[in-house]
Amino acid sequence: MPFAAEAWVARAAAADAAQLIAARRGADDVREKAPADLVTAADRAVERLITERIRSRFPDDRIVAEESAGSDDGVAGRCWIVDPIDGTTNFVHGHPYVCVSIAFADLDGLAAAVIRAPFLSEEFHALRGHGAYLNGVPLRISEVDDPSGALFATGFPFKGGKGDPTAYFGLVADVLRGCHGVRRAGSAALDLAYVAAGRVDGFFEIGLQPWDTAAGLLLVTEAGGQVSGWPGDTADPLCSGRVLASNGAVHEWLRSRVARHVPPL
Ligand code: IPD
Ligand code: CA
C-alpha cells in the first residue's frame, strides 16, 4: 500500500493528539493571536506532539503547522500540513465540533489524510487512490442531485482580513433560498469530512489556510466528490483558501450561486 508508513504515523499521532485534546477539555491559557483568532495551551501542546512524531520518523520532510507556520511557509515537496485543533473557538467554549487534522503531500499532491474528532469519537482517513474511511469503514459522498434538497456547510469570515461579512451574508442568503439549509459549525476540516461522509452535500468558504483544508480536500476527492476554487480563481484552493467542495452533482449550482457574489468577495 503506497504511503502506508505516512498514513500510520498520521493516524497514530492523531489518536494520541485526540486523547490530549479530550484531557484538556476546558481550555487553559486562551490567547488572541489577533482579534477573535484564538490559541490555547492545548493547541501548542498538540502541535508539539504531532511534529515530534513526524520528525522522529521522517526527519527530512517539511512541516507546515498552524501554530508555528511562518508567513512564507508554503506546501512544497514532501510536506506535512498540520492543524492541531481545528475549531479552537469551539474548543474554548466547550462545543464538541473540534478536530485534529493531518495531511501528507508529495510532488503529485495530497497523498494521505486523517481528521479525528475527539469529542465525537470519529476518525476519518484517506489515501490517494485508495478511498476514504470513517472509523475504518469506506465512505461515499451523498447522492443528492437536486440543490433544492441539499444541505450545505460554510464558515463565516469572522477574522480580520478574511472578507466582508456583510457581502458574505448576501451569498449565504442566496444559497439558503435554494436549498434545505446552510450550517456553520466552526471547523472547516470537519465540514469537508462531512461532505466526504455525505452528511452535507457541499461546502464553501474563503480565507482558509492550508492546515484548515488539506486533509479534508483529500477526503472529499477520495470519497468521490469534487473540489475547486471559487469562480474566476486560477490558484489551487489549498493555497488560495477559497474552497468549493461538493458531491459533484450540486457543484455547478453552488458555483453559480457563489459567482453572483464575486466580486466583491
Ligand atoms: C478555523 C475553523 C473555522 C474557519 C476559520 C478557521 P481554527 O480554524 O476552521 O471553521 O471558519 O477560518 O480559521 O482557527 O479553529 O484552527
Ligand atoms: Ca484551523
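Here the structure is a predicted model, which is why all the values come from computation and not from measurement. Both ligands and their constituent atoms are indexed starting at 1 by order of listing.
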Modelled atom types, side-chain donor and acceptor of Asp191 and Tyr97, under 3.5 Å: yes
Name of the Asp212 atom (N/O/S only) found closest to the Ca ion (ligand 2): OD1
Protein residue, atom and distance nearest to atom 14 (O) of ligand 1, heavy-atom basis: Lys159 NZ, 3.0 Å
Protein heavy atom at shortest distance from atom 5 (C) of ligand 1: Lys162 NZ, 3.4 Å
Rounded distance [0.5 Å steps], OG in Ser240 versus CH2 in Trp230: 10.0 Å
Side chain to side chain, Ile81 and Ile102, heavy atoms closer than 4.5 Å: no
Under-4.0 Å heavy-atom contact with ligand 1, by part of Asp86 that carries it: both
Distance-only N or O hit between ligand 1 and Gly155, under 3.5 Å: no
Name, closest N/O/S atom of Asp86 to the Ca ion (ligand 2): OD1
Part of Leu208 with heavy atoms under 4.0 Å of ligand 1, whether side chain, backbone, both or neither: side chain
Parallel, tilted or perpendicular, as decided by the 30° and 60° cut-offs, for the rings of Phe58 and Phe104: parallel
Any N or O of Thr88 closer than 3.5 Å to N or O of ligand 1: yes
Hydrophobic cluster membership, Val182 vs Leu265, 4.5 Å side-chain cutoff: yes
Per-atom contacts, ligand 1 versus Glu205 - under 4.0 Å to a heavy atom: 4 (C), 5 (C), 11 (O), 12 (O)
Asp83 atom (N/O/S) at minimal separation from the Ca ion (ligand 2): OD2
Side chain to side chain, Val243 and Phe204, heavy atoms closer than 4.5 Å: no
Atoms in ligand 1 with a heavy atom of Gly186 nearer than 4.0 Å: 2 (C), 3 (C), 10 (O)
Within 45° cone of Phe3 ring axis and under 6.0 Å: Arg128 NZ or CZ: no
Heteroatom distance test (Phe156, ligand 1): nitrogen or oxygen, under 3.5 angstrom: no
Option nearest atom 10 (O) of ligand 1 (shortest heavy-atom distance, choices Glu67, Gln209, Arg184, Glu66): Arg184
Proximity to ligand 1 by part of Ser187, non-hydrogen separation under 4.0 Å: backbone
Residues Ser101 and Asp86: side-chain donor-acceptor under 3.5 angstrom: no
Non-hydrogen atoms of His251 and Ser228 that approach each other most closely: NE2-OG, 2.9 Å
Numbered atoms of ligand 1 (with element) below 4.0 Å of Asp83, judged on heavy atoms: 16 (O)
Residue-ligand contact Ile85/ligand 1, heavy atom below 4.0 Å: yes
Any side-chain donor near an acceptor of the partner, Thr88 and Asp43, under 3.5 Å: yes
